[in-house]
Amino acid sequence: MTETNYSSQQLIDMEHTFGAHNYHPLEVVISKAEGIWVEDPEGKRYIDMLSAYSAVNQGHRHPAIIKALKDQADVLTLTSRAFFNDKWPVFAKKLSEVTGKEMILPMNTGAEAVETAIKTMRKWGYRVKGVEDNQAEIIVFEENFHGRTTTIISFSTDPDAKKDYGPFTPGFKIVPYNDLEAVKKAVTKNTVGIMVEPIQGEAGVVVPSDGFLKGLREIADQNNILLAVDEVQTGFCRTGKLFAFQHEGIIPDIIIMGKALGGGVFPVSGVAADKKVLGVFEPGTHGSTFGGNPLGCAVAIAAIDVLLNENLADKSKELGQYFMEQLRAMNSDKIELVRGKGLLIGVVMKKSAGKARTYTTRLKEKGILCKETHDWIIRFAPPLVITKQDIDFAMNIIREVLG
Ligand SMILES: *Cc1c(COP(=O)(O)O)cnc(C)c1O
């Protein structure tokens, strides 16, 4: 038997035996994908309504991104930053242009970009703001999700993410999300940064009140604090703008990016900031072997081009509105509320309806893949290349299951 001939059940069993159990996947094996569609080894097709947690905004295997990957693989893949390569500068210039920031620091995963932002804020605090050694504080929010490193989970409020992983990194003040008064109270002379998700994706697509980010911008300005916005999940057109902070017309000091920056193909992440902020790094003080690798850079350049050329921000805005209207129009007695922005949508189920997992499992059986977050919220976040017709098709199934 060749490896391509395993059945879904065999593969699930094999993973269960040989893979660590740090995830609880829906019982579906994906062996092929194109656009919004994925397929299992038995040939059953599903619409992907998760997009790998918004890492596949451009759709699975977008031809322009796959071409960039293949072309680059034929000439150069990795140099490390011990040498220059001919793709990282081009990618940096492009990402600088789309973010409106002067400089980029490239990493690979979202968590690494978040770590980079934390280091940037601290280093800026000591070098520029003049905070006393080892006293820097960063304000973060309850129910945050910024990744899985030991430092990042040190300021998580999710017991599952945190338990048994201590001792924890100090230097973080956790305040309630969407509470500007709490942020003001948490500011001290040692505060160097505020780090925020413009919409809390993992918490269940929690959308703050209008004016929240603006308020954070003001607090940061008044107290000489950096504002870092984690756009790893909300960025790259997911919420109907290139970046979610643009809904409020603010300009953050640090933009943290990942996921869709790699076009669903390759892990590419990074932070963008102006020189007065990112300029604090000197050679040898931070880095990554794969950060800025030519293969990732070529993919990311193509991934950004697809978002811009196909106008995926506007598509996300229009289709997100349409999708949310359809979900609300079901008037389902199982649904408490539908919330979101663009094609980042959370359906909060009534507690009386039972666990969200029951519904994501039923949706899967009928050909729609999405994932519950917490026990009672279903997130719908399809690739942004989805069409109105696709949404109508999906809604027929969603109505059968959630209606
Ligand atoms: C996914 C995510 C991260 C972490 O990204 P990884 O690539 O999984 O390390 C950080 N912040 C947010 C908001 C995310 O959604």
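We count ligands from 1, going down the list as the structure has it; atoms in each ligand are counted the same way.
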*Flag the pair Lys315 and Glu310 as a salt bridge only when some basic side-chain nitrogen lies within less than 4.0 angstrom of an acidic carboxylate oxygen.*
no

*Counting heavy atoms only, which of Gly235, Ala111, Pro198 comes nearest to atom 4 (C) of ligand 1?*
Ala111

*Does Arg357 pair with Glu372 as a salt bridge, N-O distance under 4.0 Å?*
yes

*Would Lys94 and Glu97 pass as an ion pair if we require N to O under 4.0 Å?*
no

_If you take the centroid of each ring, where Trp contributes its six-membered ring, are Phe141 and Phe172 closer together than 6.0 Å?_
no

*Who's the nearest protein heavy-atom neighbour of atom 6 (P) of ligand 1, and how far?*
Gly110 N, 3.4 Å

_Regarding Lys185 and Asp179, does a basic nitrogen lie under 4.0 Å from an acidic carboxylate oxygen?_
no

_Option set Glu115, Glu231, Lys259, criterion heavy-atom distance to atom 14 (C) of ligand 1, minimum_ = Lys259

*atom 8 (O) of ligand 1 protein-contacted (non-hydrogen atom, under 4.0 angstrom)*: no

_Polar proximity ligand 1 side, Glu197 side, N/O cut 3.5 Å exclusive_ = no

*Run the contact test for Phe145 against ligand 1 with a 4.0 Å cut-off on heavy atoms, strictly below, and give the result.*
yes

_Note: Arg379-Glu202 ion pair, threshold 4.0 Å (strictly below)_ = yes

*So which protein heavy atom does atom 11 (N) of ligand 1 come closest to, and at what separation?*
Asp230 OD2, 2.7 Å

